[in-house]
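Here the structure is a predicted model, which is why all the values come from computation and not from measurement. Hydrogens, waters and symmetry mates are skipped; everything else that's a heavy atom, side chains included, is used.
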Amino acid sequence: MARISIFIDHDIVIRHFLATGILQTLQASHEVTFVVPEGHRRVRSDVTSLGLKKVRLFKVDERRAYLWRRLYQHEVLRRARRGDAENQAQIYGFWKETLRPRAFWQTWLMSLPGLYSIYRHYALRNIGNSSTFEQLMSELAPDVIVHPTVLEGLFVSDLIRWGREHSVPTIFLMNSWDNPAVKAMTCGQPDWLVVWGEQTRRLAHRHLGMPLDRIMPYGAAQFDLYRDRPQSSRSEVCRGCGISEDKKLVLYAGSSKGVKEVQHLIALEQAIERGDLPECHILFRPHPWRGVISGESDFFAQTWKHTTMDPEMADYYRSSRVNSTIIYTPDTEYTHSILSACDLLISPISTILLEAVMHSKPVIAYLPEEDIDRNFFLRTMANMSFMQEFFDRTRCGPVRTMPDLIAATRECLLDPAGGERASVAQAAAAYFVQSTPDGYASAVDGLVRHALGERTRNSGSPEQET
């Protein structure tokens, strides 16, 4: 039985890889230890109820974590200058906003050729090795390291370095759609990187320098259940939301970036009332960590005839208007049911656009100029090349004006099959999220076994029983 060490360093990773039960399946055939940072702000979830047989808490050295973070920021800017011209303006703009101008320009200066080499040399010397981390790894003695990650965090570089020095294979599991496009590696690459599909496979090769034969497109852990039938039928979804199932159902899914969504909904409501849109009903589903604009209209202060708040999100929406730092964890199975039930999805920038495409639904990205001009982070994401490719392949927009949104919505609703957008979306889905025959967990287990076999062959030792 092989020893597998799985490192967890973020609540979002717990939500996508542990709350779904994806990685727990490895416990059936391997000796698995889950390593979780102790008392760290990135992990506030209680992991004791997630069916983990063996958990090891590790106290992260905050000083080393900060120094790794600073080296990472320099590396991101260096890569943007050298090989990512298509996204350079967006990456520079993001970090200038994040670091503030003075710190940004200092980082930019030290990421220049020559200066970066000097900075990196001294940074790595200051970071050094962690005796507590070395002790942890000595006690774990893993045969394989698995790390679900946003490709930047508390363990990324230490795991790559330790794995390389001890000839232990490292398998990183990509968490979020934008990771390969906007992240960087500071200490080489893991032995294997699992990504969502062909798009992120190409991005990881181009931006992270990963060899193509070491990048595995296995789909997304958090969307693996989309391969199965939804638990609730369309009639059950409509009944639960208080909507007539005889009407076309338009799902308006909000953004995390702070968009005037209620104003959009009011305009669509009025279009239905005027007859500019065919008889339909709009279901509003706020983003689970939505950005709130100061002075934004309250959904519940309006009078609605053709629009309903998703009942699962109503309490969260009310709370988010008082405390904008609240993050809600939606039920992915329920999301699956709603996406299966709707006839059209409208959204600003959000991964749910891709989720709807996976459900073969027509999608419209609505990004009005006023929101783009006002919202820096929305503008940055909309102009990233990986999002532009999504817009092009799915032909979903972005739509810039309300009249154009109404026209596109009418076109989709009048066609029984959702029009050209639906067929294009269905054809494009596998390029972005590739589905494996037996599911994500089985594919990862197969990769672990392959990595174990490769390690055995390279070491020349008798093959371990797995």
Legend entry - Exam field: side chain Arg79 to backbone His207, donor-acceptor pair closer than 3.5 Å: yes

Inset, instruction - Quick one: pull up CD in Gln73 and CZ in Arg70 and give me the separation to the nearest 0.5 Å. - result: 5.0 Å

Legend entry - Contact list for residues 426-448, test ring-ring contact (aromatic ring centres under 6.0 Å, His included), sequence neighbours left out: Phe390-Phe432

Legend entry - Any side-chain heavy-atom pair of Thr20 and Leu225 under 4.5 Å: no

Legend entry - Ring-face cation contact, Trp95 with Arg100, 6.0 Å cut, 45° max: no

Legend entry - Residue pairs passing the ring-ring contact (aromatic ring centres under 6.0 Å, His included) test where at least one lies in residues 44-81, sequence neighbours excluded: His74-Tyr119

Inset, instruction - Would you please name every residue forming a ring pair (Phe, Tyr, Trp, His ring centres under 6.0 Å) with Tyr116, sequence neighbours left out? - result: none

Inset, instruction - Determine whether Phe284 and Met313 make a side-chain contact, defined as any pair of heavy atoms from C-beta on separated by less than 4.5 Å. - result: no

Legend entry - CG on Leu283 to CD1 on Ile346, rounded to 0.5 Å: 12.0 Å

Legend entry - Exceeds 12 heavy-atom contacts within 6.0 angstrom, atom CD of Gln231: no

Legend entry - Nearest non-hydrogen partners of Lys260 and Asp371, listed with the distance: N-OD1, 3.6 Å

Inset, instruction - Give, for atom CG of Leu345 and atom CZ of Arg285, the distance between the pair rounded to the nearest 0.5 Å. - result: 10.5 Å

Legend entry - Side-chain touch Pro37/Lys59, heavy atoms, less than 4.5 angstrom: no

Inset, instruction - Could I get the full list of ring pair (Phe, Tyr, Trp, His ring centres under 6.0 Å) partners for Phe376, not counting sequence neighbours? - result: none

Legend entry - Ser340 side-chain N/O to His336 backbone N/O, donor-acceptor pair under 3.5 Å: yes

For residues 43-55, dump all side-chain donor-acceptor pairs below 3.5 Å to protein atoms at least two apart in sequence or in another chain.
from, atom 1, to, atom 2, distance (Å)
Arg44, NE, Arg41, O, 3.3
Ser45, OG, Asp11, OD1, 2.7
Asp46, OD1, Thr48, N, 3.0
Asp46, OD1, Thr48, OG1, 2.7
Asp46, OD2, Thr48, OG1, 3.1
Lys54, NZ, Glu31, OE2, 3.4

Legend entry - Pair Glu389 + Arg395: basic N to acidic O under 4.0 Å: no

Legend entry - Beyond-backbone contact of Val182 with Met384, side-chain heavy atoms, under 4.5 angstrom: yes

Inset, instruction - Nearest 0.5 Å please: distance from the CD atom of Glu355 over to the CH2 atom of Trp177. - result: 10.0 Å

Inset, instruction - Drop me the distance from Arg125's CZ to His121's NE2, to the nearest 0.5 angstrom. - result: 5.0 Å

Inset, instruction - Report yes or no: does Arg455 contribute a side-chain atom to a donor-acceptor pair with the main-chain N or O of Ser167 at less than 3.5 Å? - result: yes

Inset, instruction - Hey, could you give me the CG/CZ distance between Leu115 and Arg120, rounded to the nearest 0.5 Å? - result: 15.0 Å

Legend entry - Worked check of salt bridge (Lys or Arg N to Asp or Glu O under 4.0 Å) between Arg164 and Asp191: CA-CA 9 Å; Arg164 184 171 60 239; Asp191 294 292; over 6 Å; no

Inset, instruction - State whether Arg56 and Glu38 are salt-bridged, where the test is any N-O pair (Lys NZ or Arg NE/NH1/NH2 against Asp/Glu carboxylate O) under 4.0 Å. - result: no

Legend entry - Asn87 side chain to Gln90 backbone, donor-acceptor under 3.5 Å: no

Inset, instruction - Only counting residues at least two apart or in another chain, list the ones meeting ring pair (Phe, Tyr, Trp, His ring centres under 6.0 Å) with Phe34. - result: none

Legend entry - Residues Asp158 and Arg64 bridged, charged N to O under 4.0 Å: yes

